[in-house]
Amino acid sequence: MNILFTAEYDEALTNEVQGLGDVNIQGWAKGIGKLNEVALLPLVEKVEVIVTSYDDITKTVIDAAPRLKLIFCTRATPVNVDVAYAHEKGIKVLFTPGRNSDSTAELTIGLMLSIARNISFAYEQLKKGNYTGSSNTSNQAKDGLKRDVVWGVGPQSPYVVFKGMELKGRTLGIIGYGSIGRRVAAIARGFGMRILVFDPYVSNIDVDTLTTEKIGIDQLLKESDFISVHLKVSKETENFLDKAAFARMKKSAYFINCSRAAVVNEADLIEALRNKQIAGAGLDVFSTEPIPEDHPFITELDNVVITPHIAGATSDVLTNHTKMIIQELARYQKQEPLLYEYK
């Protein structure tokens, strides 16, 4: 089997990858980066399988590969592959659902903790030299008292300025209860949170427990202390969270998005944060990426925690999808049913 392998992968599994057939390691897999259409054309002439992460597998690339039988994209949605044209040509398209679900769920909880407990804001102030003291400072206890490390309890002390909110006992609204949403719920239960779920495509019997309940979107927006969105982009979900949605949320609520920026009207979110219509937000995705240096999330708003689209950026994700590739291609060679075919 002749394979063009441009996807990032776990190098500890190199022997298994090489054992898949005649494997040509190129592009991102060699640390070179994404290959454009021109660079791909001379590489695909004889290949039967393309394994990619980010390269654009266009109609032109597909037509340049007359022997191509399989395109394996190591993403939850193969947005960089012309799936319709591949299917038209009888080429199977595979993907790797769930490979980064744990990674994304954990960052979601991390953003919740960071915004609720003001972790990043407190860190930033310490790094700027605020709330610090002399290296000669001593906390000696007065006679008859034990040593106390609490200091500065006035209105401008960090204990007051950065006072936050516990997750325990709070309500988390999850919009989209797929692989990631379910993992977020599982972690949140460990914090003692009540979980509300909105997802028209799952049944109550798959959701409802003592701590988790499937409800309508209006009730979720009104009752949740934290709202985390985990939606794929479609005509139905674009701008799903807009001005009207933010208006229905509690003023004390926090909004978290580690899915896709397109499911949120970013201008409406900025206004909601600017006007303190909601308490804050934790965001890993933006309408333009990389985020512009003069974006209000960076230059203006002091109630938002942002990260540069890193929810799936763990070494474990590489291990997960490398194993999925190896096992799925072994099934393909044995003509066994495929588990990750994208329809």
Between Thr209 and Thr211, is there a donor-acceptor pair closer than 3.5 Å when you use the side chain of the first and the backbone of the second?
yes
Hydrophobic clustering (ILVMFWY, side-chain heavy atoms < 4.5 Å, transitive) - are Trp28 and Ile50 grouped together?
no
All heavy atoms of Met165 vs all of Arg117, minimum pair found to be O-CD, 3.4 Å
Distance in Å, Phe5 CZ paired with Thr322 OG1, rounded so as to fall on 0.5 Å steps:
6.0 Å
Taking NZ, NE, NH1 and NH2 as the nitrogens, is one of them in Lys34 or Asp56 under 4.0 Å from a carboxylate oxygen of the other?
yes
Are any side-chain N or O atoms of Ser234 and backbone N or O atoms of Glu236, one a donor and one an acceptor, separated by less than 3.5 Å?
yes
Is any side-chain heavy atom of Gln26 closer than 4.5 Å to one of Leu43?
yes
Minimum heavy-atom distance between Tyr254 and Ile115, given as atom pair plus value:
CD2-CG1, 3.5 Å
Distance-only donor-acceptor check, side chains Asp316 and Thr319, under 3.5 Å
no
Is there a donor-acceptor contact under 3.5 Å linking the side chains of Thr104 and Arg183?
no
Going through the distances and angles, do Leu107 and Ile310 end up as a side-chain contact (heavy atoms from CB on, under 4.5 Å)?
CA-CA 8 Å; Leu107 187 71; Ile310 59 170; 4.2 Å; yes
Answer yes or no: is there an ion pair linking Arg67 with Glu48, defined by an N-O contact shorter than 4.0 Å?
no
Would you say that more than 12 heavy atoms from the other residues, nucleotides or ligands in this model lie under 6.0 Å from the CD of Glu289, or not?
yes
Looking at Arg248 and Asp218, is any side-chain nitrogen of the basic one under 4.0 Å from a carboxylate oxygen of the acidic one?
yes
In this structure, are over 12 heavy atoms from other groups packed under 6.0 Å from Arg189 atom CZ?
yes
Checking Glu328 side chain against Phe72 main chain: does a donor-acceptor pair fall under 3.5 Å?
no
Verdict with supporting geometry, Arg170 and Ser224, side chain to side chain donor-acceptor pair (under 3.5 Å)
CA-CA 8 Å; Arg170 293 320 199 281; Ser224 299; over 6 Å; no
Hey, could you give me the OH/CZ distance between Tyr340 and Arg331, rounded to the nearest 0.5 Å?
5.5 Å
Basic-acidic side-chain contact under 4.0 Å: Arg194, Glu223
yes
If Ile, Leu, Val, Met, Phe, Trp and Tyr residues are connected whenever their side-chain heavy atoms lie under 4.5 Å apart, and connections chain through other members, are Met112 and Val197 in the same group?
yes
Where Ile325 and Val51 come nearest, the two heavy atoms and their spacing:
CD1-CG1, 3.7 Å
Tell me if a side-chain donor or acceptor on Asp199 pairs with a main-chain N or O of Tyr177 at a distance below 3.5 Å.
yes
About how many Å separate CD1 of Ile306 and CZ of Phe297, when rounded to the nearest 0.5 Å?
8.0 Å
To check you understand the geometry: which heavy-atom pair defines the closest contact between Ser103 and Thr314, and what is its length?
OG-CG2, 3.1 Å
Are Val285 and Ile180 co-members of a hydrophobic cluster defined by side-chain heavy atoms under 4.5 Å apart?
no
CA sep, side-chain torsions, deciding dist, call: Val61, Glu37, side-chain contact (heavy atoms from CB on, under 4.5 Å):
CA-CA 7 Å; Val61 172; Glu37 197 176 65; 3.7 Å; yes
Hey, does the side chain of Asp268 reach the backbone of Lys243 with a donor-acceptor pair shorter than 3.5 angstrom?
yes
Cluster overlap Val184 with Phe240, hydrophobic side-chain contacts below 4.5 Å
no
Shortest non-hydrogen pair, Ser53 vs Thr6, comes out as N-OG1, 4.5 Å
What's the separation between atom OG1 in Thr52 and atom OH in Tyr54, rounded to the nearest 0.5 Å?
9.5 Å
Let me see the working for Phe255 and Phe246 under ring pair (Phe, Tyr, Trp, His ring centres under 6.0 Å), right down to the final yes or no.
CA-CA 9 Å; Phe255 176 72; Phe246 295 120; 5.6 Å; yes
Test your reading of the model: is there a side-chain donor-acceptor pair from Asp22 to the backbone of Met1, 3.5 Å cut-off?
no
Do Leu4 and Leu40 touch side chain to side chain, with heavy atoms closer than 4.5 Å?
yes
Pick one: which of Thr96, Val93, Ile71 meets side chain to side chain contact (heavy atoms under 4.5 Å, CB included) with Pro78?
Val93
Are a donor atom and an acceptor atom from the side chains of Asp63 and Tyr85 found within less than 3.5 Å of each other?
yes
Short question: side chain of Asn118, backbone of Phe121 - any donor-acceptor pair under 3.5 Å?
no
For this output row, return yes or no: ring centroids of Tyr342 and Phe95 closer than 6.0 angstrom.
yes
First locate atom CG of Leu41, then atom CG of Leu35, and finally report the distance between them rounded to the nearest 0.5 Å.
11.0 Å
Between Gln277 and Asn275, do the side chains contain an N or O donor and an N or O acceptor separated by less than 3.5 Å?
no
Are Val305 and Ile278 joined in one hydrophobic group, where the rule is that I, L, V, M, F, W and Y side chains link up if heavy atoms are under 4.5 Å apart?
no
Do other residues, nucleotides or ligands put more than 12 heavy atoms under 6.0 Å from Lys168 NZ?
no
Arg274 and Glu300 ion-paired at < 4.0 Å
yes
Donor-acceptor pair, distance only, cut-off 3.5 Å: does the side chain of His321 make one with the backbone of Glu8?
yes
Applying side-chain contact (heavy atoms from CB on, under 4.5 Å) to Leu241 and Asn265, what does each step give before you reach the verdict?
CA-CA 6 Å; Leu241 281 303; Asn265 185 310; over 6 Å; no
Parallel, tilted or perpendicular: which describes the rings of Tyr131 and Phe162, with under 30° parallel and over 60° perpendicular?
perpendicular
Please indicate whether Glu293 has more than 12 foreign heavy atoms, meaning atoms of other residues, nucleotides or ligands, lying under 6.0 Å from its CD.
no
Take atom NZ of Lys127 as the centre, draw a 6.0 Å sphere, and report whether it contains more than 12 heavy atoms from other residues, nucleotides or ligands.
no
Could you check whether His230 and Ser228, counting side-chain N and O atoms only, form a donor-acceptor pair closer than 3.5 Å?
yes
At what distance, to the nearest 0.5 angstrom, does CG of Leu269 lie from CG of Leu301?
8.5 Å
Taking the basic N atoms (NZ, or NE/NH1/NH2) and the acidic carboxylate oxygens, is any pair closer than 4.0 Å for Glu124 and Lys128?
yes
Within a radius of less than 6.0 Å around CD of Gln327, do more than 12 heavy atoms belonging to other residues, nucleotides or ligands occur?
yes
Restricting to non-hydrogen atoms, name the atom on Gly181 and the atom on Ile174 that form the minimum distance, rounded to 0.1 Å.
O-CD1, 3.5 Å
Less than 3.5 Å apart, any donor N or O on the side chain of Asp82 or Thr58 sitting next to an acceptor on the other?
no
Report the C-alpha separation of Lys250 and Asp225 in whole Å, then their side-chain angles, then the decisive distance to 0.1 Å, and conclude whether the salt bridge (Lys or Arg N to Asp or Glu O under 4.0 Å) test is met.
CA-CA 7 Å; Lys250 295 179 179 180; Asp225 299 301; 2.9 Å; yes
Assess the residue pair Asn100 and Asn320 against the criterion (side-chain contact (heavy atoms from CB on, under 4.5 Å)); give the C-alpha distance rounded to whole Å, side-chain angles, the decisive distance to 0.1 Å, and a yes or no.
CA-CA 8 Å; Asn100 66 356; Asn320 291 342; over 6 Å; no
Would you say the side-chain atoms of Lys214 pair up with the backbone N or O of Val202, donor to acceptor, closer than 3.5 Å?
yes
